[in-house]
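Notes follow the structure.
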Amino acid sequence: MKIAIGADHAGFELKEKIKQLLTSKGIEVEDFGTHSTESVDYPDYAHPTANAVENKDADLGILLCGSGNGIAMAANKHQNIRAAICWTTELAELARQHNNANILVLPARFISEELGLKIVEAYLNTDFEGGRHQRRVDKIACS
Ligand SMILES: O=C(CO)[C@H](O)[C@H](O)[C@H](O)COP(=O)(O)O
């Protein structure tokens with residue numbers, strides 16, 4: 001399993017904790033930045049991370065910004081990306097089960113580190129259910 005990860009300055013610190021969690025589990029991580037708390041622009045990290053997932057260089061992605069909104073909006077511009085903002089473990093499970101979300105987005109300024117790590121665990125430990133949800137996921141794309 002390989003995870004692509006990216007964040008702006010608001011998500012940098014939680015991104016670093018998530019990287020530690022993932023590597024401790026033997027999961028390969030490709031970090032697209034940012035690499036400090038210096039102010040940056042979230043699309044500059046959303047697009048490379050989304051590209052890696054879209055091109056299948058990574059199995060799944062994780063993105064973080066302050067609210068989750070901006071970085072999710074940028075990632076969801078990619079044709080085959082389904083980026084879901086999750087602030088509870090239940091939302092992360094549903095994002096996988098029902099939406100086959102291939103990028104987890106965390107609102108770093110609105111969740112604790114402990115909760116953020118639990119959300120990541122929930123996301124990675126949950127599979128897509130398929131069935132009726134596959135039909136709906138197939139209808140997301142615009143032709
Ligand atoms: O994308 C966002 C808002 O839609 C993120 O929350 C950003 O992290 C946030 O806008 C950054 O704000 P700052 O005042 O520049 O730190």
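Please read all numbers here as calculations on a predicted model, not as lab measurements. All values below were derived from every heavy atom in this structure, side-chain atoms included, with hydrogens, water molecules and symmetry-related copies excluded. Start at 1 and go down the list; that is how both ligands and their atoms are numbered. The first residue in the sequence is number 1, and the count goes up from there.
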Heavy-atom nearest neighbour in the protein, as seen from [atom], with distance rounded to 0.1 Å:
atom	result
atom 6 (O) of ligand 1	S67 N, 2.7 Å
atom 9 (C) of ligand 1	R109 NH1, 4.0 Å
atom 10 (O) of ligand 1	Y42 CE2, 4.7 Å
atom 15 (O) of ligand 1	H9 NE2, 3.5 Å
atom 8 (O) of ligand 1	D8 OD2, 2.5 Å

Contact check: C65 vs ligand 1, nitrogen or oxygen atoms, below 3.5 angstrom: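 No: no nitrogen or oxygen of C65 is under 3.5 Å from one in ligand 1.
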Close N or O approach (A10, ligand 1; < 3.5 Å):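 No, no N or O pair falls under 3.5 Å.
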Is there a donor-acceptor pair closer than 3.5 Å between any side-chain N or O of [X] and the backbone N or O of [Y]?
X	Y	answer
R96	A101	yes
N102	N80	yes
R82	N100	yes
K15	T34	yes
E30	K2	no

Under-4.0 Å protein heavy-atom contact, atom 1 (O) of ligand 1: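 There is a protein heavy atom less than 4.0 Å from atom 1 (O) of ligand 1.
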Cationic N near anionic O, under 4.0 Å, K118 to E121: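 Not counted as a salt bridge, because no side-chain N and carboxylate O are separated by less than 4.0 Å.
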4.0 Å heavy-atom contact, M73 with ligand 1: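 Contact check M73 vs ligand 1: negative.
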Where W87 and L115 come nearest, the two heavy atoms and their spacing: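 Shortest heavy-atom separation between W87 and L115 comes out as O-CD2, 3.6 Å.
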